[in-house]
Amino acid sequence: MSHNVNPAIATFPSALTDKLCIVIPTYNNAGTVARVAEEALGYIPTVIVVNDGSTDNTEEALAELMGSIVYVGYKQNRGKGHALVTGFRKAKEMGFEYVITIDADGQHRPEDIPVLLKAEVDNPGAIIIGSRTLEGKDISKGSLFANRFSNFWFTVQTALNLPDTQTGYRLYPLKKLYWTGLITSRYESELELLVFAEWNNTKIVSAPINVYYPPKEERVSHFRPAYDFTRISILNTFLCFGAVLYGYPCKLLRFIRTIAYTLFSLVIFLFGTPLMTLFSFIYFAIARKGAKSKLRYHRILSRTARAMLKIFPGARVSVENRSKESFEKPAVIICNHQSQLDLLCAIMLTPKMVILTKDWVWNNPLFGKIVKYADYYPVSNGIESCIVHLERLVREGYSILVFPEGTRSADCSIQRFHKGAFHIAQELNLDIIPLFIHGAGHVLQRNRYLLRKGNIHIDIRERVPFENETFGTTVKERRKNFEQYYKKEYNEIKFIKSV
């Protein structure tokens, strides 16, 4: 039996969907498991069903799907926790990096898979929790209390508030699962997975999903109130001790480290910037005027930027230059904008570059002179007023860096491109070099002054010759097509180089 992947999945990064499978743990759900697996196959082509020692005809119910699903079964019931870990291990063996777990009782809707994927795209590397709306549903008071009880203790143990910690509909990045060998074998294991992940600084995000509760006479429940509440109470006691001895101390150490990173970087900025400004004054006071002197100054700026990024604590910078771009031939370099660190990332790549800046950068009392001496240019008067100035710099061999978005987004997503960069390329007959920066917005977020540990990745793509019509022939067409290209490619980079 063949299954076509739902077209809605094709809109997500292949770096996510190609490395994603579904795990369905089941115990005595013969009436629903085949339908759940069948519907899941319509979205994700690899579905792993873990039969946790079912005593009904679950295996027979899945018979028609055996050629389409990956079936793992064992005779003795060992609990949902054991079934989940078995599914995770099988997924890793098959080379998958992400897993969506779906309960086999028909409670979850496979059509909500894109909701989880969207949340993962917005929060790469996070565990996504499908948050059910339980109010107004035909749910037993015991189940409703159990969920609230679990939510309360999760908040105590992690200082994080989640609306639904008992849902089995989740997306896990497998590399962000910790201590799976320590989790209990029963259904409370799902709470442990979240607690252990949060203690190890994994982001956890809730995404709203639909939920279906069949009539009471059709429901299959394995919950034993007295026995299971006792197990949960004992588990939460141990987790509370763990939070005191490990979880909260780790949070405190991360906070102290962040403060230390920021203070060290602030010292670098407060002392380094005035010294660089003073150097610029002295250099241009005693140096001979001319192209060679200016290029030498640009080389000093490039080396300084590289040195600053190296000594920033907690930030690791990597550069990928598959096209072996040398920047010897002038071009318009376009780059997504994430952070104030973007300028350092770009300047370090080549000395033969000038940057279009905003007025506040041009007029800044600390580093405005550095910018002016480097022949960077403000764009406040419009692109047309820059052309003559830029044409001279291009003749001297300099490329022009432009951030087409104009400003940074709070979540690092690609915003609408302006046409200025493409107008410059059109007027000066310049190639375009796409440049991607990932991670700078994590290390230094917009409107925040605390540096965080993380990886900054700079990806230099192959230049697009002026005569190349792949992205269109007019300024309008190129603006639109490059914007779409950046949105697609950046989402791929997020999952390859996620922090």
Show your reasoning for whether ring-ring contact (aromatic ring centres under 6.0 Å, His included) applies to F482 and F471. CA-CA 7 Å; F482 268 105; F471 290 89; 4.0 Å; yes
Taking the side chain as every heavy atom from C-beta outward, state whether [X] and [Y] have any atom pair closer than 4.5 Å.
X: L41; Y: L65; value: yes
X: R306; Y: K310; value: yes
X: E97; Y: P173; value: no
X: C345; Y: L309; value: yes
X: F495; Y: E120; value: yes
X: L194; Y: L162; value: yes
X: Y98; Y: L116; value: no
X: R78; Y: T86; value: no

Residues at least two apart in sequence or cross-chain that pass salt bridge (Lys or Arg N to Asp or Glu O under 4.0 Å) with D411, listed by chain then number, are none
Salt bridge (Lys or Arg N to Asp or Glu O under 4.0 Å) filter on K487, not counting sequence neighbours, yields E483
The residue among Y486, F403, Y485 that forms ring pair (Phe, Tyr, Trp, His ring centres under 6.0 Å) with F417 is Y486
[X] atom [atom1], neighbour heavy-atom count above 12 within 6.0 Å:
X: F255; atom1: CZ; answer: no
X: K480; atom1: NZ; answer: no
X: W199; atom1: CH2; answer: yes
X: E462; atom1: CD; answer: no
X: F238; atom1: CZ; answer: no

Any sub-3.5 Å donor-acceptor pair from [X]'s side-chain atoms to [Y]'s backbone N or O?
X: T101; Y: G168; value: yes
X: N236; Y: S233; value: no
X: S339; Y: Q445; value: no
X: N77; Y: G53; value: no
X: T32; Y: A104; value: yes
X: N51; Y: S54; value: yes
X: E39; Y: R109; value: no
X: N481; Y: T470; value: no
X: N491; Y: P13; value: no
X: T167; Y: Y169; value: yes

query = Do you see a donor-acceptor pair shorter than 3.5 Å between the side chains of S14 and E492?
reply = yes
Using a distance-only test with no angle check, is there a side-chain donor-acceptor pair under 3.5 angstrom linking T165 and N151? yes
Out of curiosity, [X] [atom1] to [Y] [atom2], how far, rounded to the nearest 0.5 Å?
X: E198; Y: N200; atom1: CD; atom2: CG; result: 9.0 Å
X: H438; Y: I456; atom1: NE2; atom2: CD1; result: 10.5 Å
X: I9; Y: L20; atom1: CD1; atom2: CG; result: 8.0 Å
X: F422; Y: I432; atom1: CZ; atom2: CD1; result: 5.5 Å
X: T184; Y: E190; atom1: OG1; atom2: CD; result: 10.0 Å
X: N29; Y: Y27; atom1: CG; atom2: OH; result: 10.0 Å

Apply the test side chain to side chain contact (heavy atoms under 4.5 Å, CB included) to residues I347 and I355: give CA-CA distance (whole Å), side-chain angles for both, the deciding distance (0.1 Å), then the verdict.
-> CA-CA 9 Å; I347 293 170; I355 303 173; 3.8 Å; yes
Just do the salt bridge (Lys or Arg N to Asp or Glu O under 4.0 Å) check on R89 and E93 with the steps written out, would you?
CA-CA 6 Å; R89 288 173 180 165; E93 289 175 10; over 6 Å; no
Minimal non-hydrogen separation, [X] against [Y], with atom names:
X: V443; Y: A315; answer: CG1-CB, 4.2 Å
X: A83; Y: D52; answer: CB-CB, 4.1 Å
X: I127; Y: K176; answer: CD1-O, 4.3 Å
X: I24; Y: D103; answer: CG2-C, 4.4 Å
X: T202; Y: G125; answer: CG2-O, 4.1 Å
X: K453; Y: Y261; answer: CB-CE1, 3.7 Å

- Measure from NZ or CZ of R461 to the centre of the six-membered ring of F436, then state whether that distance is under 6.0 Å and the direction lies within 45° of the axis. yes
Mind running side chain to side chain contact (heavy atoms under 4.5 Å, CB included) on L193 and F88 for me, showing each step along the way? CA-CA 12 Å; L193 287 170; F88 296 154; 4.1 Å; yes
Handout entry: R408/H337 under side chain to side chain contact (heavy atoms under 4.5 Å, CB included): CA gap, chis, key distance, verdict
Key = CA-CA 5 Å; R408 294 165 285 150; H337 202 6; 3.5 Å; yes
List the steps and the verdict of side chain to side chain contact (heavy atoms under 4.5 Å, CB included) for H457 and N455. CA-CA 6 Å; H457 180 69; N455 300 319; over 6 Å; no
